[in-house]
Structure formats: structure tokens, C-alpha cells
Amino acid sequence: MAAPWSTMKFWKPGTEGPGLSLNEEREATAEVGGSIIYNPHASLSIEKQRQKLPVFKHRNYILYLLENYQTVVIVGETGCGKSTQIPQYLLEAGWAAEGKVVGVTQPRRVAAVSVAGRVAEERGALLGHEVGYTIRFDDCSDAHATRIKFLTDGMLVREMMADPLLKKYSVLMLDEAHERTLYTDIAIGLLKKIQKKRGDLRLIVASATLDAEQFRDFFNLNESGNPSKDTCGILTVEGRTFPVDVFYTMSPVPDYVKATVETVMKIHEAEGDGDVLAFLTGQEEVERVVSMLVEQSRALSRSGMKKHLRALPMYAGLPYSEQMKVFERVPHTVRKVVVATNIAETSITINGVVFVIDCGFVKLRAYNPKTAIESLVVAPVSQASASQRAGRGGRNRAGKCYRLYTEEDFEKLPPSTVPEMQRTNLAPVILQLKALGIDNVLRFSFLSPPPAQSMVQALELLLALGGLDEHGRLTEPLGMRMAEFPLIPMFAKMLLESGSFGCSEEIVTIAAMMQIQNVFVSPPSQKKPAARKHRKFAVAEGDHLTMLNVYEAFVKNRRSSQWCQEHFLNYKGLQRAAAVREQLWRLLSKFRVPKKSSEGDPEVILRCIVSGFFANAARLHHSGAYRTLRDDHELHIHPTSVLYAEKPPKWVVYNEVMQTSRYFLRDVSAIESSWLVELAPHFYRRGTHSSGSKRTKVV
DNA sequence: GAGCACTGC
């Protein structure tokens, strides 16, 4: 291939990188979870290090702004130190006096834990006392002693259920707010409401440049037009990163998979030391590029090239031990090439990356509010994402980023990604808001309001499940209880019904297992033996009972990691399922749902599943495909379902529909059509297709 | 017959 590159642009340090900070360097999974080492003699040097961070110069101004404004938006560029330092400035200035707490939210668990660890270390404190964290399944904080508390944004929303005004907090800092995760957005809307009742509550919104004004306008309660009465101010803190040269292709690339391989080989031949990180959209592309690179590097070795290539895949579905390989150091004679999905954009940081290749696309979840069907679509990345990807190459030294698209096309990309709130099924959000006392969700102050049709779909589903009444009010006790579960409402309903079906023990396991992705692992090199082992767990009733089998076998085999490996099962996933199961059990006991086993009878279990998932039913069409009962949509059983290899049952319920190349049903079980009429008479009635009312569907 | 970005409670 002729040299497709031309240098188009020089990326000035800190002008383009969205607000990531010091903590990111500590986010790599390999570095997380260790004990905190405290060296009492290091306090002076820690103090000096703290003063060297770019944010230190702004210390007094930040404190001044917080005295004068209810909300402060801080544009903190990568490496400025905001996440670790600002909470300490607040503590030192007395914001955590009189039993008050400074709270800092993070979108991800690892980040909450690692930043908390770093801050505790800087203060010479034991994690869990003065400095602590709270994430699901792991509360390392002290109700009395903790002054700075790191938590996931989802956890903050949960805390509001117990303490609607968040009275114990004097200041809340929402870190990485520009990521606009679902829970950050929920928290933002709720905090604005809380601020109207609690004038003393201060907010710090840490965001990227692009969104700063949107946040300020949202939180500015001043309607007088007089700027001196503004309640929100903005401050920008420069970052500390290395420059990244950005290159574009001269003309559009017809095949970015091939172009990725060619670019890697070009870098390998022409450039000095430094690892490569390539972004692609999915598992299949990643594996294809890895195998092509392996082939190419063999040819290179044969031709006598001294420097070797080591291509490694990285995506969430990869077994844990395989994921860890990307963090391993390689000898100087080897160049590491990590081929990753979007997981490497924010969730993990790989040290030593100098060269980044960006295919320009991303796989995103989308939601169709008309059909209530979610899909995974490959879409062009946003400019913000592209900058974030490029920035992954400038963390240790100056880097280079190769974009597999033209500069002209870059200019046409959307500035930022559509917030999750606008591309998701809102039923869990609406239920949560109702439980927090937001009666009129249509008038809730959303930073980015979701489509009205999505709200309507959510309200209809919650009504059908009995969580809301005809007036849209939360029902007692059902709706309130459903909201307490960390699950989508259908699962919550199924669990709450499981006592009366006499199968709560099985249902709680099934609900927990369904929260885990990739229970079955299939390494590309061992697909056949893996499939053989997996088939042993499969039952004709479908995926729910198959997952029950897997979990019960896991417990029977003393939760052994060795056993999981032999059976190609995701050990970490099963451990997580056990933790989820325990949490769900606690909630069921709280609501006095009796502990009962179906004693091997599959029918009650399936009926109980129908009591939660009746709206997700489909029947087999003579074409061989399924059709939804809701709106006659054509669907296919996903190849990962055990029913894919079985004789297709006439009627099924499913957990979700995912649109990729076709509409696929995921997590499917066989049912009897009569159960639908019996268990959801308000939703279904027996009849003919010609007649029909609006609400009830004809079975 | 043929396929699942990523978090989080």
C-alpha cells in the first residue's frame, strides 16, 4: 500500500483531551486491588508532589468559587490532579467539619477504589477511615469517621433512597461527568432538585471543555439576567500530558480491518520503540486483526526482522487470564500491539502505548422508542471519543495517532456521543425516579431529555407489571419493592412473585446468573472442546434452566476455579453471580418472600419467569422464525442460546431482543401459551386476530 | 442455520 498518511495536525497537549485525571493511570485492572502501603517518612515528598500538580495553583480560587457559587464546573484536563486533590482541599478548608462528608462520584468501580486508595495514601491514612469508598458489594467506609468518600454514581442514587436530601454531604463532586453515563445523568437531575431545598449543598461538576457550558447553564438558578447573581461558575485547569501527533488518511479507507493491519506493520517497520493500541468495534474484528497480525509477524521473523510483534486481543468477553496479558511487560526486542474494543477508551489504561490506531467507528447500544427494541449498531465515533482514543497514546511520552479516515470526515463527526439517557429503555430509570418521589417524570429536569415515546413505553411496561397504577403512581408495596432491586423491573417482578410460585431458591439463582455476561467462554483455538463441555449443561427448556444448572454445578464443585477452567466457564462471572445472588436474597428476606424450592419441577420455574417477562413473548411462525406477540416483529433465536441447537419450541419468553444483523432473542425459554393468559390476563386474552383492543394482546 | 460495545445498582 502506498503511504496513505499526511500529517494534518499537531495535537497540542491538554487542548483536546477530555477531562481524565491522575486516577486513570491507576485504573488498569492489573494495578487495582492491592493493599495500601503507607510510608510514614514519605509525607514530605508526598506534600511536594501534591504541590507540583497543575490543580494546586488553583487551590484558593477553587475554594473561593465554592464559597460564592452553589455549583462549580471544573474543566480538568488529563493529569491535572483534580480527582485526588480537590477533595483534600475541601477537607483542609473545613468542608468536612461537624460530621459532614465530601463525596466524590466515579462512573466505574475500579476508579472509585483506586482514587480512594491514592488519597488515603497521600494522607497517610488507612483506607476506610478518614478516606473511604462505597461500591456495590464492597463498602470500605465508616459511618462516623469517613470524611472523604468515593462512590460510584449508581451508589449515590441508591443512597438517595435512604436519605433523599443527602444530608450528610456538604459537597459532592461528580467526576467524569462528561461521560454522561445513565447514573451520572440521573444524579445530576436529582441534585439540581436537592439544591433548591438545600442551599448549603455545594456541587463540583468535573467535565471536559466541550460540555462545561451546558452544565453551567443547567445548574445556574439565576434567572435575573444579572451575572453577579449566577449560582454556577466555571474554572479550567490545564493538564499534564504529552503531545500526540494526529495523522489522517488522504482518502477514505474501504476496509478498516485491513487498514489496521497495514498501519500496524508500517509502524513496526518504520518507527522506534513503543507499543501500539488499535481500536475496533467488536470481538470478531479484534480476533480477525490479531490473527492477521500473527501471520504477518511470522513472515517478518522468517525474513530476518529482529524486532518481533506480539498481537494481543482485548475485549470484555475475553477470559480474565487472557485480558491480563495486555498488562504484561514485554522485552525490548518485542513490540506489543493491543487490539481492543472501546474497553480501552475509558475502562482500562495500558501503559507504554505510544501509537494509537483509530478505525473511526464504535459499537453502541441504541433504543428504538417505537418498537421498544434495543440494538447494537456500528456508528461513527464522536470527535470527543476520537480525542479520548488519541490521548491514550500520550500518557508516558509523546505519541502518534493514526486515524483511518480523512480529516474532512473527522470534521463531519458529531462533537460528542449521544448520552445514554437518550438511547436506553427507560423503565428502570422511571421506576427509580418514582421511588425517589419524582411524581411527574415528564417534567423532571433532565440534562438531556429522553424521547417522550421512550417515557411512554416505560410507563406502559411499569403499569403492566403492576409497579405503577392507572394514575402513574408508584404502587405499595409492589412498585416500591421493585425499585429497591438493582435489576430491570421484569426481573424484580419475577423475584417478588417467586415465593408464591414456590421456587424462590431457583429464581434467585436464575436472576443472578442472567446478570452475568459470557458465562460460557469459548477461546477461538478451543471452540469445539468448549462447545462439548457447554452442551452438558444445556436443557431443552431453554437458557434460564441451563443457567440454573451451571450455577448449581458450580456450587456442587465447591466453586472451584479449576473446575470452571476445565468446563470453559467464566470463573469471575460465576463469583459475581454468587455475590449478586446473596444481595438479591437479602432483599427477598427483607420483603418476607418465603424460601422455597421447586424440587426439580421445571414448570413452576418457567411459570414464574412468565409472571415477570410476559410482555416478552414470541410464537414460532411457519417460516421458521419467531414473531413477537406485542407487534408481530420477526425474530430469531440468538446463536448463543441453547435453544439454537434444539427443536424450536412453539412459544417462548425472552429477556431481551438485540438487533445486530437481524433481530435476535437472547436468554430464551420455552413456555405454554396458556400461561400467558393465565398469568397476565390484563395483558393477554384468548381470542382471534381480527378482534382486539388496544391494551390487551390476543394469544 | 451462524454471532454478543461498555458500564452500573
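These numbers come from the heavy atoms of this one structure, side chains and all, not from hydrogens, waters or symmetry mates. Not measured: the values here are computed from a predicted model.
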Participant: Taking for each residue the nucleotide of DNA chain B bearing the nearest heavy atom, is the 5' side occupied by Q517(A) or by P639(A)?
Facilitator: P639(A)

Participant: Does dC6(B) have OP1 or OP2 under 4.0 Å away from a side-chain N or O of T346(A)?
Facilitator: no

Participant: Of all residues at least two apart in sequence or in a different chain, which pass the side chain to side chain contact (heavy atoms under 4.5 Å, CB included) check with P164(A)?
Facilitator: none

Participant: In chain order, what residues pass the ring-ring contact (aromatic ring centres under 6.0 Å, His included) check against Y571(A), with sequence neighbours excluded?
Facilitator: none

Participant: Answer with base, sugar-phosphate or nothing: what part of the nucleic acid does I343(A) contact at a heavy-atom distance below 4.0 Å?
Facilitator: sugar-phosphate

Participant: Between dG1(B), dA5(B), dG8(B), spot the one nearest the side chain of T152(A), thanks.
Facilitator: dG8(B)

Participant: May I have the distance from I186(A) (atom CD1) to dG8(B) (atom C1'), rounded to whole angstrom?
Facilitator: 10 Å

Participant: Measure from CZ on R581(A) to C1' on dC9(B) and round the result to the nearest Å.
Facilitator: 19 Å

Participant: What is the distance, to the nearest angstrom, from the CD atom on Q432(A) to the C1' atom on dG8(B)?
Facilitator: 11 Å

Participant: Nearest whole Å is fine: how far is dG8(B) P from E484(A) CD?
Facilitator: 22 Å

Participant: In terms of relative ring orientation, are F664(A) and H638(A) parallel, tilted or perpendicular, with 30° and 60° separating the classes?
Facilitator: perpendicular

Participant: Please compare A316(A) and S661(A) by the position of their nearest nucleotide in DNA chain B and report the one closer to 5'.
Facilitator: S661(A)

Participant: Among dG8(B), dG3(B), dC6(B), which nucleotide sits nearest the side chain of F664(A)?
Facilitator: dG3(B)

Participant: Of all the nucleotides listed (dA5(B), dG1(B), dC9(B)), which has the minimum atom distance to the side chain of Y644(A)?
Facilitator: dG1(B)

Participant: Answer yes or no as to whether dG8(B) has its base stacked against Y183(A), where stacking requires a ring-centre separation under 5.5 angstrom and planes under 30 degrees apart.
Facilitator: no

Participant: Quickly work out the I637(A) CD1 to dA2(B) C1' distance and round it to whole Å.
Facilitator: 13 Å

Participant: If you draw a 6.0 Å radius around CD in E634(A), do more than 12 non-hydrogen atoms from other residues or ligands fall strictly inside?
Facilitator: yes

Participant: Report the nucleotide, chosen from dA5(B), dC9(B), dA2(B), that has the shortest atom-to-atom distance to any side-chain atom of Q283(A).
Facilitator: dA5(B)

Participant: Counting only side-chain nitrogens and oxygens, does R109(A) get under 4.0 Å of the OP1 or OP2 atom of dC9(B)?
Facilitator: yes

Participant: Categorize M658(A) for me: base, sugar-phosphate, or nothing, with a 4.0 angstrom heavy-atom threshold over every strand shown.
Facilitator: nothing

Participant: Using the side-chain heavy atoms of T341(A), tell me which of these nucleotides is nearest: dG3(B), dA5(B), dC9(B).
Facilitator: dA5(B)

Participant: How many whole angstroms separate atom OH of Y256(A) from atom P of dA5(B)?
Facilitator: 11 Å

Participant: Nearest-Å distance, CE (M421(A)) to P (dC6(B))?
Facilitator: 22 Å

Participant: Please confirm whether the backbone N or O of T281(A) pairs with a side-chain atom of N342(A), one donor and one acceptor, at under 3.5 Å?
Facilitator: no

Participant: Does K325(A) have any side-chain hydrogen bond (donor to acceptor under 3.5 Å, both in side chains) partners at least two apart in sequence or in another chain, and if so, which?
Facilitator: E322(A)

Participant: Please give, in whole Å, the distance from dT7(B) P to I135(A) CD1?
Facilitator: 14 Å

Participant: D139(A): which residues meet the salt bridge (Lys or Arg N to Asp or Glu O under 4.0 Å) condition with it, sequence neighbours left out?
Facilitator: none

Participant: From the list dA2(B), dT7(B), dC9(B), which nucleotide is the closest neighbour of the side chain of R108(A)?
Facilitator: dT7(B)

Participant: Applying side chain to side chain contact (heavy atoms under 4.5 Å, CB included), can you list everything that pairs with K533(A), at least two apart in sequence or on another chain?
Facilitator: H567(A), F568(A)

Participant: Return the residues of residues 508-516 of chain A meeting this criterion: a heavy atom under 4.0 Å from some atom of DNA chain B. Order them by number, or give none.
Facilitator: none

Participant: From the list dG3(B), dA5(B), dT7(B), which nucleotide is the closest neighbour of the side chain of S347(A)?
Facilitator: dT7(B)

